[in-house]
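Along the sequence shown, the residues carry numbers beginning at 1.
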Amino acid sequence: MARTKDGAPKKKRKNIVQLMMFGNEDKPDLKPEQINSSKWETFKYLFGHRFGTVVALNLLTCIFAIPAVAVIVLSYMNIAVSNGLIPYSANFGIGYPVVNDAEALGVLSAFNYSVFECVLLIPCIMVFALGLAGNFYVMRKLIWEEPTSTVKDFFRGIKKCWLAALVMGLAFGFTILLFIFTLDYFDVYGLPVSLKVVSIILASLLLVFMTIFTAFLLTQNAAFKMKANVLIRNSMLFVFGTNIQSILFIAIAVAPAFLWLIPGITVIVAILYMFLGVSFTTLVSSLYCHYCYEKFLYDKIDRSSAVYAKRPNEIEEARAAESSAQTKKKQPAPYKNPKKRKKSIDEGANITPLTTTFRREDLERLAKEHEEILRESEEDDSAEPDIEPELDLVGDIDDADDTAAVAETDGEA
């Protein structure tokens with residue numbers, strides 16, 4: 001083993017994969033008071049110490065984006081082929097015949113393909129929202145400095161938050177469909193430009209509202225066990241109460257998406273989003289939303305109320321199960337009085353069995369022994385007034401059997 005000049009073992013140099021997965025151990029850990037005081041410090045800490053976790057989380061989320069990417073690529077190829085078949089020019093003697101309204105036909109075809117693509121994207125967005133639910137759940141654990149297992153917690157977050165994610169994916173998909181519809185519908189049918197402008201403005205405002213609303217709802221759903229009505233009400237209050245600030249931070253969160261507008265760097269943007277883009281968006285959104293929760297929500301939460309109950313992690317769930325098991329073990333076992341059990345013939349006074357040639361003295365002795373047994377039974381009953389009626393009934397049956405045996409013996413005599 002290599003050693004330093006002081007004789008101490010020399011630390012092995014980590015490669016880039018180890019640095020990405022486990023971070024740099026030489027960097028000082030972030031103190032809890034720093035996390036509580038600044039979300040910017042938390043952001044730097046997660047990118048500096050947990051960069052590998054952020055990348056792995058992004059790759060897991062991208063798996064759920066595969067259907068949407070496939071639909072977008074196939075639609076683009078279909079539109080490209082369709083544009084090549086539409087005769088936009090007059091006939092030069094070969095090829096297509098003359099089409100007078102070729103331009104209008106092209107616009108209508110592009111509009112139909114866009115609407116059809118958005119319709120197909122709605123279920124794909126719902127699937128992608130499931131990945132976002134797992135991403136937000138792990139981000140919450142990272143922000144709260146809870147022990148994290150990336151893959152396990154990712155799918156646990158999907159299991160716990162799937163319903164709200166599917167509903168929001170459906171609503172957000174229809175919002176995108178409405179926005180795309182308003183962009184081309186008025187040009188296709190030649191409607192007034194003023195109506196088109198108003199519709200685009202309203203659709204844009206709805207898209208911005210749904211983006212911020214989705215961010216607040218998914219982060220709350222990953223952090224708290226809230227009812228649906230409370231979740232929706234809180235998310236709307238956050239949107240309207242922090243409108244300008246929310247627009248700014250959500251715009252920063254989705255800023256990498258605007259890189260697609262730059263021509264010639266599509267491949268670079270695709271690689272960026274594959275490894276970091278989605279996690280960057282969820283991290284910035286989570287940090288901002290948790291800042292809003294700390295500012296407006298935490299001081300109003302009744303800790304004893306189940307409405308805002310914190311969503312437990314696996315450690316807290318295990319501790320709760322262990323505590324419940326220990327409570328059951330500590331409960332005293334029901335007391336069973338040994339004197340309440342039915343007496344056997346071997347306890348207390350004994351009855352001497354009769355011989356085949358018994359006499360009157362034997363019968364008298366048998367009667368005395370029977371009286372002694374009855375006297376002991378009455379003493380036990382007086383010492384224990386809480387004897388159950390069923391046991392008394394059994395004792396009476398036993399006594400009746402003994403009396404019947406004596407009577408039978410007397411009869412034989």
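- Side-chain contact check for Q220 versus Y293: some heavy-atom pair is nearer than 4.5 Å.
- Smallest separation of non-hydrogen atoms from A165 and L218: CA-CD2, 4.1 Å.
- At a threshold of 4.5 Å between non-hydrogen side-chain atoms, the residues I180 and V115 do not count as touching.
- Here the side chain of T182 pairs a donor or acceptor atom with the backbone of F179 at under 3.5 angstrom.
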Any chance you could lay out the salt bridge (Lys or Arg N to Asp or Glu O under 4.0 Å) test for K368 and E371, step after step, and finish with the verdict? CA-CA 5 Å; K368 290 179 181 180; E371 291 176 358; over 6 Å; no

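- The two residues Y273 and C62 have their closest heavy-atom pair at O-SG, 3.7 Å.
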Would you check, one step at a time, whether the test side chain to side chain contact (heavy atoms under 4.5 Å, CB included) holds for H290 with R140? CA-CA 9 Å; H290 281 282; R140 183 266 288 180; 3.9 Å; yes

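- Counting heavy atoms from C-beta on, the side chains of S285 and I250 come closer than 4.5 Å.
- Between S75 and Y113, every side-chain heavy-atom pair lies at or beyond the 4.5 Å cut-off.
- The nearest pair of heavy atoms linking P67 to I63 is CD-O, 4.2 Å.
- Looking at T242 and S246, their side chains do bring a donor and an acceptor atom within 3.5 Å of each other.
- The two residues L178 and L206 make their nearest non-hydrogen contact at CD2-CD2, 3.7 Å.
- Side-chain contact between L287 and I143 is present, with heavy atoms from C-beta onward closer than 4.5 Å.
- Of the residues listed (Y288, F216, W40), the one engaging F249 in a ring-ring contact (aromatic ring centres under 6.0 Å, His included) is Y288, and it is the only one.
- D153 and T148 form no side-chain donor-acceptor contact under 3.5 Å, judged by distance and modelled atom types alone.
- For residues 240-250, no pair satisfies salt bridge (Lys or Arg N to Asp or Glu O under 4.0 Å), with sequence neighbours left out.
- Atom CG of N135 sits about 9.5 Å away from atom CD1 of I158, to the nearest 0.5 Å.
- Using a 4.5 Å heavy-atom cutoff, the side chains of C161 and F136 are not in contact.
- Salt bridge status for E145 with R50: absent, with no side-chain N to carboxylate O gap under 4.0 Å.
- A centroid separation of less than 6.0 Å is found between the aromatic rings of F209 and F240.
- M139 has its side chain within reach of S279: a pair of non-hydrogen atoms, C-beta onward, lies under 4.5 Å apart.
- In this structure, F47 and F43 have tilted ring planes: the angle between them lies in the 30° to 60° band.
- Side-chain contact between F186 and V193 is absent, with no heavy atoms from C-beta onward closer than 4.5 Å.
- No donor-acceptor distance shorter than 3.5 angstrom exists from the side chain of K160 to the backbone of A222, with no hydrogens or angles considered.
- Remark: aromatic rings of F111 and F181 are close, center separation under 6.0 Å.
- F64 and F155 have tilted rings, their planes meeting at an angle from 30° to 60° on a 0 to 90° scale.
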